[in-house]
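Below, read A as the first sequence line, B as the second, and so on, with proteins coming before strands; counting in each chain starts at 1.
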Protein chains: 2
Amino acid sequence: MARGIQISHLSERLESIADFCDTEVMFAVVGGKWKLLIVLYLLRGKHRFGELQRALPADITHRMLSRQLREMERDGLVHRTVYPEVPPRVEYELTPAGRSLKPLMEQVESWGSWYRKYLRELAHKADD
Amino acid sequence: MARGIQISHLSERLESIADFCDTEVMFAVVGGKWKLLIVLYLLRGKHRFGELQRALPADITHRMLSRQLREMERDGLVHRTVYPEVPPRVEYELTPAGRSLKPLMEQVESWGSWYRKYLRELAHKADD
DNA sequence: CTGTATCCCGTAAGATACTG
DNA sequence: CAGTATCTTACGGGATACAG
């Protein structure tokens, strides 16, 4: 175990992404329905489970948030800290791998913004 | 209609991605199981349906290839040209929006490559 | 050669309830 | 507060056959 990451699960994951080309790997690890939003939020800092749930769209269930976080932990993107208190407190933060997504996310975001404009312009031309 | 893109479908698509943040948009348009590989192949140039099928992993059915291409056409990433011949010949090529993905794809690929190494190193440390 | 229609299946995701 | 168990649903994707 290094930095709290479940290594055994990492090698599992290495196997399971073996079929993917390098370009597909990112989709494999942040392609879940909520994972992108989770990464974006955690890029702002360490947060508790409840904070995440409130920060994300209302229709994410408790169960799904938990699952997506576990998968991201298994993939070495997120580190989970449990404080042995009552009531329990759990904090999530990005690992170096998680933080390394930042510049990429910015690129992806600006492409998305550009693409939206592109679609609107085409739709506009169609009105002529 | 501009450049052969189905504009009516574009406005449809504009609606359907309205719920996504800009960062999610890219995943919405190239997140299909084979779309990434299709983009990568078409970045090399215009290709026929059959060429695509042979270039992609053997387990993609022609039904799925057809569907993914149609969705990408609807999203304005791919342009489809039908030659009125017998037997029919159809060629696919990227639109400007499709080609605009190139630098992003390169970033995504190099992140994927880096991430693989990162996982291997962590797994290696675990052996110590 | 390219494409669609029909039917089927597996898995991601949601609802709900219960636990430490 | 955080998490899991169980059950269910929805949907992307696959097999196959047929058509222009």
Side-chain angles (χ1 to χ4, degrees), chain A residues 4 6 9 12-13 16-17 19-20 24 27-38 41-42 46-75 78-93, chain B residues 4 6 9 12-13 16-17 19-20 24 27-38 41-42 46-75 78-93:
Chain A
Q6 306 299 322
H9 294 168
E12 236 177 66
R13 193 52 173 173
S16 75
I17 62 174
D19 294 333
F20 296 155
E24 291 177 300
F27 287 77
V29 297
V30 289
K33 186 160 179 186
W34 306 103
K35 288 181 184 173
L36 222 43
L37 295 179
I38 292 172
Y41 191 65
L42 289 183
K46 185 191 283 191
H47 290 283
R48 302 185 52 168
F49 185 90
E51 289 173 335
L52 268 163
Q53 187 162 21
R54 266 170 274 120
L56 295 170
D59 55 338
I60 182 172
T61 64
H62 198 59
R63 176 184 183 275
M64 279 316 295
L65 178 55
S66 178
R67 285 200 43 167
Q68 304 264 303
L69 283 167
R70 292 315 178 107
E71 289 178 12
M72 293 169 74
E73 189 190 3
R74 173 203 64 187
D75 291 342
V78 162
H79 176 57
R80 178 167 169 269
T81 311
V82 183
Y83 297 89
E85 307 169 356
V86 178
R89 181 162 61 99
V90 179
E91 290 188 338
Y92 292 91
E93 66 187 320
Chain B
Q6 305 299 321
H9 294 168
E12 237 175 65
R13 194 51 175 176
S16 76
I17 61 174
D19 294 333
F20 297 155
E24 291 178 300
F27 287 75
V29 297
V30 291
K33 183 159 178 189
W34 307 102
K35 289 182 185 174
L36 224 41
L37 295 178
I38 292 172
Y41 191 65
L42 289 182
K46 185 192 282 190
H47 289 283
R48 299 187 54 168
F49 185 89
E51 290 173 333
L52 268 163
Q53 186 163 20
R54 266 169 275 122
L56 295 170
D59 56 337
I60 182 172
T61 63
H62 70 251
R63 176 186 184 274
M64 278 315 296
L65 178 55
S66 178
R67 285 198 44 169
Q68 305 264 301
L69 284 167
R70 292 314 177 107
E71 290 177 12
M72 293 168 75
E73 189 189 2
R74 173 204 64 189
D75 292 341
V78 162
H79 175 57
R80 179 168 169 269
T81 311
V82 182
Y83 296 90
E85 305 170 357
V86 177
R89 181 163 61 98
V90 181
E91 291 188 338
Y92 292 90
E93 64 188 320

- Item | Gap between atoms CG and P, on L65(A) and dT4(D) respectively (whole Å) | 11 Å

- Message: Heavy atoms from C-beta onward define the side chain here; which of dG3(C), dG3(D), dA13(C) lies closest to that of H62(B)?
- Response: dG3(C)

- Message: For M64(A) and P87(A), find the nucleotide of DNA chain C closest to each by heavy atoms; which residue's nucleotide sits nearer the 5' end?
- Response: M64(A)

- Query: Between Q53(A) (CD) and dT4(D) (C1'), how many Å, whole number?
  - Reply: 14 Å

- Item | Side-chain donor-acceptor pair present, S16(B), R13(B), cut-off under 3.5 Å | yes

- Note on the structure: Atom CZ of F27(B) and atom P of dA12(C) are separated, to the nearest Å, by 17 Å

- Rounded interatomic separation in angstrom, taking CD from E73(B) and C1' from dT4(C): 15 Å

- Non-hydrogen atoms of Y92(A) and R80(A) that approach each other most closely: OH-NE, 3.3 Å

- Query: Taking OP1 and OP2 of dG3(C), is either one under 4.0 Å from a side-chain nitrogen or oxygen of R80(B)?
  - Reply: yes

- Task: Look at the side-chain N and O atoms of R48(A) and state whether any lies under 4.0 Å from the OP1 or OP2 oxygen of dA2(D).
- Result: yes

- Item | side-chain hydrogen bond (donor to acceptor under 3.5 Å, both in side chains) partner of Y83(A), chosen from R48(A), E91(A), R89(A) | E91(A)

- Provide the closest heavy-atom pair for E51(B) versus K46(B) in the form atom of the first, atom of the second, distance. OE1-O, 4.5 Å

- Expressed in angstrom and rounded to an integer, what is the separation of D59(A) atom CG from dA13(C) atom P? 13 Å

- Task: Taking only the side-chain heavy atoms of R70(A) (C-beta and beyond), determine which of dT4(D), dG14(D), dT2(C) contains the nearest atom.
- Result: dT4(D)

- Are OP1 or OP2 of dG13(D) and a side-chain N or O of T61(B) less than 4.0 angstrom apart? no

- Item | Candidate nucleotides dT4(C), dG14(D), dA2(D), ranked by approach to the side chain of S66(B) - the nearest | dT4(C)

- So what does Y83(A) hit on the nucleic acid, given a heavy-atom distance under 4.0 Å: a base, only sugar-phosphate, or nothing? nothing

- Query: For R63(B), which contact category applies under a 4.0 Å heavy-atom criterion: base, sugar-phosphate, or nothing?
  - Reply: base

- Contact under 4.0 Å: Y92(A) side-chain N or O vs dC1(D) OP1/OP2: no

- Query: According to a strict under-4.0 Å criterion, is Q68(A) in side-chain N/O contact with OP1 or OP2 of dA13(C)?
  - Reply: yes

- Query: What is the distance, rounded to the nearest whole Å, between atom CH2 of W34(B) and atom C1' of dG14(D)?
  - Reply: 10 Å

- Whole-Å distance between dG3(C) C1' and R89(B) CZ? 17 Å

- Query: Relative to the ring of F27(B), is the ring of F27(A) parallel (under 30°), tilted (30 to 60°) or perpendicular (over 60°)?
  - Reply: tilted

- When you measure from the side chain of P88(A), which nucleotide among dC1(D), dG3(C), dG14(D) comes out closest? dC1(D)

- Taking atom C1' of dT2(C) as reference, at what distance in whole Å does atom CD of E51(B) sit? 13 Å

